[in-house]
Amino acid sequence: MHIVITGGTRGIGQGMAREFLSQGHKVTFSGTSQNSVSNATKDLKGHFLGLVCDVRHKSQIEELLQQAKTQFGNIDIWINNAGVDQDRLTVDELDETEIKRVIDINVTGMIFGSAVAIKAMKEQGYGMIYNMEGLGSNNMVIQKTIIYGSSKRLLTYFSKAAGKELKTYKNIHVGTLQPGMVFTDLLLHNLGDDGMKVARILGNKVDDVAYYLVKKMLQGKKHIKFPSMIKAFPRLLIAPFKKREI
């Protein structure tokens with residue numbers, strides 16, 4: 001298979017790229033700078049292509065797709081993973097630049113990516129698109145995350161609606177990935193003491209989450225969530241007696 005991952009130079013995106021490659025698949029991934037792409041390719045093995053792409057610009061995503069197809073052919077799975085967190089401030093404290101940055105990448109970038117991928121998959125007659133959920137997708141509300149959480153809530157609605165628009169295309173689907181708490185830069189950014197306490201209990205390693213998500217994607221599951229409360233419950237029970245390292 002050929003998989004495209006936006007935001008694949010670090011965190012869960014890079015973890016998924018490694019996992020797909022380890023199973024013999026072809027991977028095209030993007031980052032926001034040549035330096036980030038070059039650093040991400042140092043430890044990768046297999047058939048991969050790293051490209052610079054700013055998802056805020058549809059033309060750059062279209063170029064990403066064309067280069068990916070030229071290198072590895074039709075795209076089986078497209079993952080809109082590129083995303084950023086917000087500064088831990090209330091909405092009235094956030095400046096215009098910060099609000100636009102989060103919305104432009106998390107919302108506009110995801111929509112552009114989906115639109116480009118859907119068009120290509122209609123032409124080839126098949127394909128799967130996944131959008132990366134997060135805080136807000138499940139209606140959880142936490143102070144000073146209002147812009148980030150709103151962006152992920154919109155993503156969930158968009159994914160369902162896009163899927164309905166494709167109901168006549170039996171071999172093209174739009175799904176979602178819910179990774180839960182993963183020890184990445186995005187999670188740890190401005191987490192705070194209270195958030196860190198929760199992360200130590202419920203947080204998961206990138207490789208563990210990537211393995212699970214990739215396995216389910218290759219099985220064709222549409223809406224994939226990790227971890228389930230069944231996995232998390234034992235950690236809650238032993239948390240007072242065990243210190244987990246991050």
- prompt: Residues in side chain to side chain donor-acceptor pair (under 3.5 Å) with Gln124, at least two apart?
  reply: none

- request: Please name all residues satisfying side chain to side chain donor-acceptor pair (under 3.5 Å) with Asp207, sequence neighbours left out, ordered by chain then number.
  value: Arg18

- line: Nearest heavy-atom contact between Asn81 and Ile12 is OD1-CG2, 3.4 Å

task: Applying side chain to side chain contact (heavy atoms under 4.5 Å, CB included), run through Gln14 and Val206 and close with a yes or a no.
output: CA-CA 9 Å; Gln14 187 179 44; Val206 168; over 6 Å; no

- prompt: Any link between Phe20 and Tyr211 through a network of hydrophobic side chains (Ile, Leu, Val, Met, Phe, Trp, Tyr) touching at under 4.5 Å?
  reply: no

message: Met16 and side-chain contact (heavy atoms from CB on, under 4.5 Å): which single residue from Val209, Leu177, Ile3 fits?
response: Leu177

query: So, Ser159 versus Asn131: side-chain donor-acceptor pair below 3.5 Å or not?
result: yes

query: Between atom CG of Leu64 and atom CG of Leu49, what is the distance when rounded to the nearest 0.5 Å?
result: 8.0 Å

message: Tell me whether Thr145 contacts the main-chain N or O of Tyr148 through its side chain, where contact means a donor paired with an acceptor under 3.5 Å.
response: no

query: In Å, rounded to the nearest 0.5 Å, how long is the span from NZ of Lys222 to NZ of Lys160?
result: 13.5 Å

message: Quick one, Leu218 and Val214 - any side-chain contact, counting heavy atoms below 4.5 Å?
response: yes

- prompt: For Glu93, what residues pass the side chain to side chain donor-acceptor pair (under 3.5 Å) criterion, not counting sequence neighbours?
  reply: Thr90

Identify each donor-acceptor pair in which a side-chain atom of residues 112-123 lies under 3.5 Å from a protein atom, sequence neighbours left out, and give them as a table.
residue	atom	partner	partner atom	Å
Ser114	OG	Asn80	ND2	3.1
Ser114	OG	Met110	O	2.9

- request: For side chain to side chain donor-acceptor pair (under 3.5 Å), just list the numbers for Glu62 and Gln66, CA-CA rounded to whole Å, side-chain angles, deciding distance to a tenth of an Å, and then say yes or no.
  value: CA-CA 6 Å; Glu62 291 170 336; Gln66 290 304 319; over 6 Å; no

task: Mind checking the SG-CZ spacing from Cys53 to Phe29? Nearest 0.5 Å is all I need.
output: 12.5 Å

query: Distance only, no hydrogens: is a donor on one side chain within 3.5 Å (strictly under) of an acceptor on the other, for Gln67 and Glu63?
result: yes

- prompt: Between atom OG1 of Thr176 and atom CG of Leu155, what is the distance when rounded to the nearest 0.5 Å?
  reply: 8.0 Å

- prompt: Are the side chain of His173 and the backbone N or O of Met128 linked by a donor-acceptor pair below 3.5 Å?
  reply: no

field: side chain to side chain donor-acceptor pair (under 3.5 Å) against Asp54, all qualifying residues, sequence neighbours excluded
entry: Arg56

query: Counting heavy atoms not belonging to His57, are there more than 12 under 6.0 Å from its NE2?
result: yes

message: As an exercise, state the distance from CD1 of Ile103 to OG1 of Thr108, rounded to the nearest 0.5 Å.
response: 7.5 Å

message: Enumerate the ring pair (Phe, Tyr, Trp, His ring centres under 6.0 Å) contacts for residues 58-93, please, sequence neighbours excluded, ordered by first and then second residue.
response: His2-Phe72

query: Which heavy-atom pair separates Leu213 from Pro179 by the least distance, and what is that distance?
result: CD1-CB, 4.3 Å

query: With side chains defined as the heavy atoms from C-beta onward, is the minimum distance between Asp87 and Leu94 less than 4.5 Å?
result: yes

message: Are more than 12 heavy atoms, taken from residues, nucleotides or ligands other than Lys221, located less than 6.0 Å from that residue's NZ atom?
response: no

- prompt: Going by atom types only, do Thr156 and Glu133 share a side-chain donor-acceptor pair under 3.5 Å?
  reply: yes

- request: Step through the shown structure and confirm whether more than 12 heavy atoms of other residues, nucleotides or ligands are within 6.0 Å of CD1 on Ile146.
  value: no

task: Work out which heavy atom in Arg88 is nearest to a heavy atom in Gln86; give both atom names and the distance.
output: NH1-O, 3.1 Å

- request: Report the distance from atom CD1 of Ile224 to atom CE of Met132, rounding to the nearest 0.5 Å.
  value: 9.5 Å

- prompt: Considering residues, nucleotides and ligands other than Asp43, do more than 12 of their heavy atoms fall under 6.0 Å from its CG?
  reply: no

query: Is it true that the side chains of Ser38 and Gln34 contain a donor and an acceptor less than 3.5 Å apart?
result: yes

